[in-house]
Structure formats: C-alpha cells, structure tokens
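First the structure, in the form of structure tokens, and then the observations on it.
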Number of protein chains: 2
Amino acid sequence: MDRVKKLSSKLQAQGQKMTKQRRAILEVLSASDKPLTAEEIFLLVRERKENTSLTTVYRNLKKLFAAGLITREGFHDDKAQFQLLSDCHCHNLICLNCRKVVKIDECPLSSFAKTVGEREGFTITEHRMELYGYCSDCLQRAKKE
Amino acid sequence: MDRVKKLSSKLQAQGQKMTKQRRAILEVLSASDKPLTAEEIFLLVRERKENTSLTTVYRNLKKLFAAGLITREGFHDDKAQFQLLSDCHCHNLICLNCRKVVKIDECPLSSFAKTVGEREGFTITEHRMELYGYCSDCLQRAKKE
DNA sequence: TTTCTTGCAAAAAATTTGCAATTAA
DNA sequence: TTAATTGCAAATTTTTTGCAAGAAA
C-alpha cells in the first residue's frame with residue numbers, strides 16, 4: 001500500500017488530517033481497476049468493516065478532487081465517477097462494455113500541447129485523453145451470443 | 001443553420017420526430033461555444049420564445065446523447081454538461097477560467113490509438129482528448145489584479 | 001391515424017448543509 | 001488543546017416517471 005501512503009502525505013501537506021475513513025476511500029480507489037461512483041465507494045468501504053457514511057464519502061471525494069488526488073467524470077454514465085489520479089503521467093484505455101481500464105504509459109501529447117498552446121495564445125496546464133473500445137474478452141463473448 | 005439540419009435528419013433517420021423543442025435545443029447548442037448544463041439550455045430555449053419544460057430538455061438530451069449527436073461530461077464542474085458532437089473529428093482547448101473553447105483540427109491520436117489497440121487486444125472505437133489551460137485574456141486580467 | 005412527444009405534478013435519486021459529538025495532530 | 005472531521009437528519013438540487021393532452025409523420 002505504498003501508493004496510499006504517498007497520497008496521504010500529499011493530503012497532509014495541505015493541512016488536512018488523515019482519518020480512517022479517508023484512508024479507506026483511498027484504499028478502495030487504489031484497489032479498483034475502474035472508476036467508482038460515490039455510492040460504490042461507500043459500500044466498498046463498509047465491506048472493509050470501516051465505519052463511514054455516504055455524507056463523509058461525498059465530503060472526502062470533494063476534498064480529494066480539490067487536492068488533485070482524484071479525477072471526476074460522468075462521460076459514459078449518469079452518475080459522477082471517481083478515480084485515483086495516477087502518479088505517473090499516463091492515460092487510460094477503457095472497455096465500453098465491462099469498463100475494464102488499461103493504463104497506457106506513453107503520451108503523444110506533450111509536444112503537441114506545447115505547439116497548440118503557443119499558436120492559440122494559451123498557457124496549457126493539463127490535458128486529458130482516453131481511448132475507448134472493446135476488450136478482447138467482451139468481443140469474444142459478443143461473438144458467441 | 002445548416003448544421004442543425006444535418007443533425008435533424010440524423011435523428012429522423014433513427015425514427016424520431018423533429019419538434020420545435022428539439023430543434024431549439026440543437027440551435028442553442030449549435031450557437032454556444034461552450035458546454036451547457038440542462039438548466040442553461042432550458043433557459044436559453046425560453047429566451048428564444050420557444051415553449052419547453054426542463055423535463056423535455058432532459059428527455060431530449062438523453063435521446064440526443066443516445067443517438068450520438070451530443071457529448072456529455074462532468075469533468076470540471078458538478079452538473080452534467082452537454083455539447084454538440086462536431087461533425088469534423090476535432091478536439092477542444094478549454095480555458096479553465098472563462099471556459100472559452102477553441103477547436104483544434106489536428107489530431108495526433110489516430111495512429112497512436114491503432115498501435116495501442118493492437119498491442120492491448122482492444123478494438124478502439126473512439127477517443128477523447130482535451131487540452132486545458134488559460135487563455136491570453138484571462139492571463140492578462142490575472143496580471144492586472 | 002398512429003406513434004412519438006410534450007408538460008405538468010409528483011417521485012426518485014444524487015448531493016449538500018447544520019450541528020453536536022468525536023478524533024487526529 | 002484545537003482545528004478538522006464525522007455522522008445523523010433534514011434540506012436542496014438534479015434527474016426521472018406517470019399520464020392525459022397535443023403534435024409530427
């Protein structure tokens with residue numbers, strides 16, 4: 001659980017306390033290979049026999065987001081979904097069927113972003129990129145049906 | 001308003017009817033240079049003296065999304081935001097302060113996506129990329145303050 | 001006509017807030 | 001000790017649904 005420790009100190013560096021509930025959220029997110037909704041996180045924390053409430057989960061997700069530790073999106077579904085921001089700069093390849101997430105280490109965007117920023121007069125601070133498609137498992141299953 | 005017509009026929013091709021309310025939503029989205037929430041769309045449609053209700057806006061956004069005409073995201077804010085899917089394959093550069101959106105025509109990702117897909121055993125059907133930063137106006141204003 | 005769509009009111013779901021009690025630093 | 005955090009209950013906000021009336025093909 002080295003990763004959770006790193007995140008903890010990042011939080012504490014911002015003057016926030018590390019509580020059982022917070023650690024549990026980070027651990028749940030860290031153990032998940034796909035983005036989770038607030039409610040899913042709440043249930044997973046409970047499964048680990050940690051006390052918490054949905055309210056607390058919401059409040060903490062908000063803080064974690066503001067602190068830049070997690071990502072928030074609602075692209076392919078109705079509810080907001082949260083995910084740890086990986087320490088490496090990397091991107092995701094996401095299966096539209098099973099929502100499996102594969103990390104991609106390469107990033108072809110850094111130089112591209114620089115060029116575009118200069119041309120448009122922007123100071124570019126971040127970017128976001130995801131690839132979507134179907135993983136081999138889901139494709140095979142689809143063929144059999 | 002050629003763009004709206006194109007979108008209309010795409011909808012009708014799927015067996016849906018073209019109503020005043022639907023056209024108004026498409027026009028509002030088409031005229032906007034940034035993603036809008038359901039409520040903003042509702043208010044803008046009303047400003048155009050078209051009858052509608054929030055319910056109708058929600059129902060139509062859902063259909064438009066399912067039909068692949070619009071995008072939905074909740075990345076930098078709390079509410080879901082909607083935007084027309086541009087007919088050209090292009091990406092956005094978004095100012096984190098004023099939310100201005102600049103279209104970028106180039107896309108360095110097609111060949112990248114293909115390579116990664118083959119390596120990971122995915123059939124990649126779409127991708128998503130956005131650049132975020134601060135536009136020159138916002139930067140200058142920030143300096144003056 | 002026939003089927004899809006609208007708008008209202010009401011319901012359900014998601015998210016936030018007030019406040020007293022608890023806990024980490 | 002003290003400032004941040006929790007959990008409950010209640011409030012708010014966002015989104016969805018049932019149903020009768022209205023509009024498009």
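The model shown is predicted, which means the values in this text are computed figures rather than measured ones. Below, chains carry the letters A, B, ... as their sequence lines are ordered, and counting in each starts from 1.
Aromatic ring centroids of A:His127 and B:His91 lie 6.0 Å or more apart.
Every residue meeting the side chain to side chain contact (heavy atoms under 4.5 Å, CB included) condition with B:Ala31, not counting sequence neighbours, appears here in chain and number order: B:Arg48. Partners of B:Arg59 by side chain to side chain contact (heavy atoms under 4.5 Å, CB included), not counting sequence neighbours, listed by chain and number: B:Thr55. For B:Thr125, the side chain to side chain donor-acceptor pair (under 3.5 Å) test picks out no residue, with sequence neighbours left out. Qualifying salt bridge (Lys or Arg N to Asp or Glu O under 4.0 Å) partners for A:Arg46, counting only residues two or more places apart in sequence or in other chains: none. Partners of B:Thr123 according to the side chain to side chain donor-acceptor pair (under 3.5 Å) rule, which considers only residues two or more places apart in sequence or in another chain, do not exist here. Residues satisfying the side chain to side chain donor-acceptor pair (under 3.5 Å) criterion with A:Thr56, sequence neighbours excluded, are A:Ser53. Legend: residues meeting side chain to side chain contact (heavy atoms under 4.5 Å, CB included) with A:Leu36, ordered by chain and number and at least two apart, are A:Val28, A:Leu29, A:Ser32, A:Glu40, A:Ile41, A:Leu44. Residues passing the side chain to side chain contact (heavy atoms under 4.5 Å, CB included) test with A:Thr19 are A:Gln21, A:Arg22, sequence neighbours excluded.
Rounded to an integer number of Å, the gap from CG of A:Leu54 to P of D:dG7 is 11 Å. Atom CG in A:Leu43 sits about 12 Å away from atom P in C:dA14, given to the nearest Å. Rounded to whole angstrom, the span from the CZ atom of A:Phe42 across to the P atom of C:dT15 amounts to 14 Å. Whole-Å rounding puts the B:Glu50 CD to D:dA23 P distance at 13 Å.
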Distances for protein N or O near nucleotides 4-11 of chain C N or O, under 3.5 Å:
unit_1	atom_1	unit_2	atom_2	d
C:dC4	O4'	B:Lys17	NZ	3.1
C:dT5	OP1	B:Gln16	OE1	3.3
C:dT5	OP1	B:Lys17	N	3.4
C:dT5	OP1	B:Arg22	NH1	2.5
C:dT5	OP1	B:Arg22	NH2	3.0
C:dT5	OP2	B:Lys63	NZ	2.5
C:dT6	OP1	B:Thr19	OG1	2.9
C:dT6	OP1	B:Asn60	ND2	3.4
C:dT6	O3'	B:Gln21	NE2	3.0
C:dG7	OP1	B:Gln21	NE2	3.2
C:dG7	OP2	B:Ser53	N	3.3
C:dG7	OP2	B:Thr56	OG1	2.8
C:dG7	N7	B:Arg59	NH2	2.7
C:dG7	O6	B:Arg59	NH1	3.3
C:dG7	O6	B:Arg59	NH2	2.8

Dump the pairs, protein N or O against N or O of nucleotides 11-14 of chain D, anything under 3.5 Å, distances to one decimal.
unit_1	atom_1	unit_2	atom_2	d
D:dT14	OP1	B:Lys79	NZ	2.9

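Note on A:Arg119 versus B:Glu106: salt bridge recorded, some NZ/NE/NH1/NH2 to OD/OE distance being below 4.0 Å.
Taking the C1' atoms of five terminal pairs at each end of the helix from C:dT1-D:dA25 to C:dA25-D:dT1, the two resulting helix axes are inclined by 60°, rounded to 10°.
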